[in-house]
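Here, residue 1 is the first one in the sequence, and each next residue gets the next number.
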Amino acid sequence: MGRAGLTTERVVRAGAELADDVGFEQVTVSEVARRFDVKVASLYSHVRNSQDLKTRIALFALEELADRAADAVAGRAGKDALVAFANAYRDYGREHPGRATAARFPLDSETAAASAGVRHARMTRAILRGYDLAEPEQTHAVRLLGSVFHGYSSLETAGGFSHSAPGSEESWTRVLDALDVLLRNWPATPTP
């Protein structure tokens, strides 16, 4: 039994907070133990090792982000849903940079299939139904949107857009406008 009051949920949440403070790459069981002022061994009844801790933080972040995105898109369709979904990702990355990085942590296929990552894909596909994309084009569009949302957020959080005009907000609005136009005018599937 671990130290009184110490639970797996508290350990994972502390790891997620640590990721936001110092970067996901810096999260270790030792660093989380310092946050609780306990010996590392006290955490091993809750997580196996730093890899397990990072996996759990990734799952936590995916769930948290999926909940936020679902709330944002509820009752919306078309471009409104696209913008709300995109803003949920961007805002999450700004507020929780370590957790946003954790949400992209590589998971084994079984863990990924049981994660909230599946909800992210379903929500993206639901938004894309408003653009009338069939497979395999829908999968290509899901990948494009994920790349843009995560990539923009990562670059912005790292300060990549702070050195020139126009401002990041203006570019973000233009990016979303361009995505909407692209999705409404998706190129035809090339014939072999």
Ignoring hydrogens, what is the shortest heavy-atom contact between [X] and [Y]? Give both atom names and the distance.
| X | Y | answer |
| --- | --- | --- |
| Asn49 | Val29 | C-CG2, 3.5 Å |
| Gln138 | Leu133 | NE2-O, 3.2 Å |
| Gly93 | Ala100 | CA-CB, 3.8 Å |
| Ala141 | Leu183 | CB-CD2, 4.0 Å |
| Ala86 | Leu176 | CB-CD2, 3.5 Å |

Of the options Arg99, Arg34, Arg35, which is the one that meets Asp21 in a salt bridge (charged side-chain N to carboxylate O under 4.0 Å, His left out)?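 So, applying the salt bridge (charged side-chain N to carboxylate O under 4.0 Å, His left out) to Asp21 and each of Arg99, Arg34, Arg35, only Arg35 qualifies.
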Please determine whether a side-chain nitrogen of the Lys or Arg among Glu31 and Lys54 lies less than 4.0 Å from a carboxylate oxygen of the Asp or Glu.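 So Glu31 does not pair with Lys54 through a salt bridge.
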Is the closest basic N to carboxylate O distance between Arg10 and Glu17 below 4.0 Å?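 Answer for the salt bridge query: no.
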Taking ring-ring contact (aromatic ring centres under 6.0 Å, His included) as the test, write out the residues that go with Tyr152, two or more places apart. Phe161, Trp172
Would you give the length of the straight line joining atom CZ of Phe105 to atom CD of Glu25, rounded to the nearest 0.5 angstrom?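 If we round to the nearest 0.5 Å, Phe105:CZ and Glu25:CD are 10.0 Å apart.
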Over 12 non-hydrogen atoms of neighbours within 6.0 angstrom of CD in Glu110: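 At most 12 heavy atoms, drawn from other residues, nucleotides or ligands, come within 6.0 Å of this atom.
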Who are the salt bridge (charged side-chain N to carboxylate O under 4.0 Å, His left out) partners of Arg122, not counting sequence neighbours?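 Scan of Arg122 (salt bridge (charged side-chain N to carboxylate O under 4.0 Å, His left out), adjacent residues dropped) gives none.
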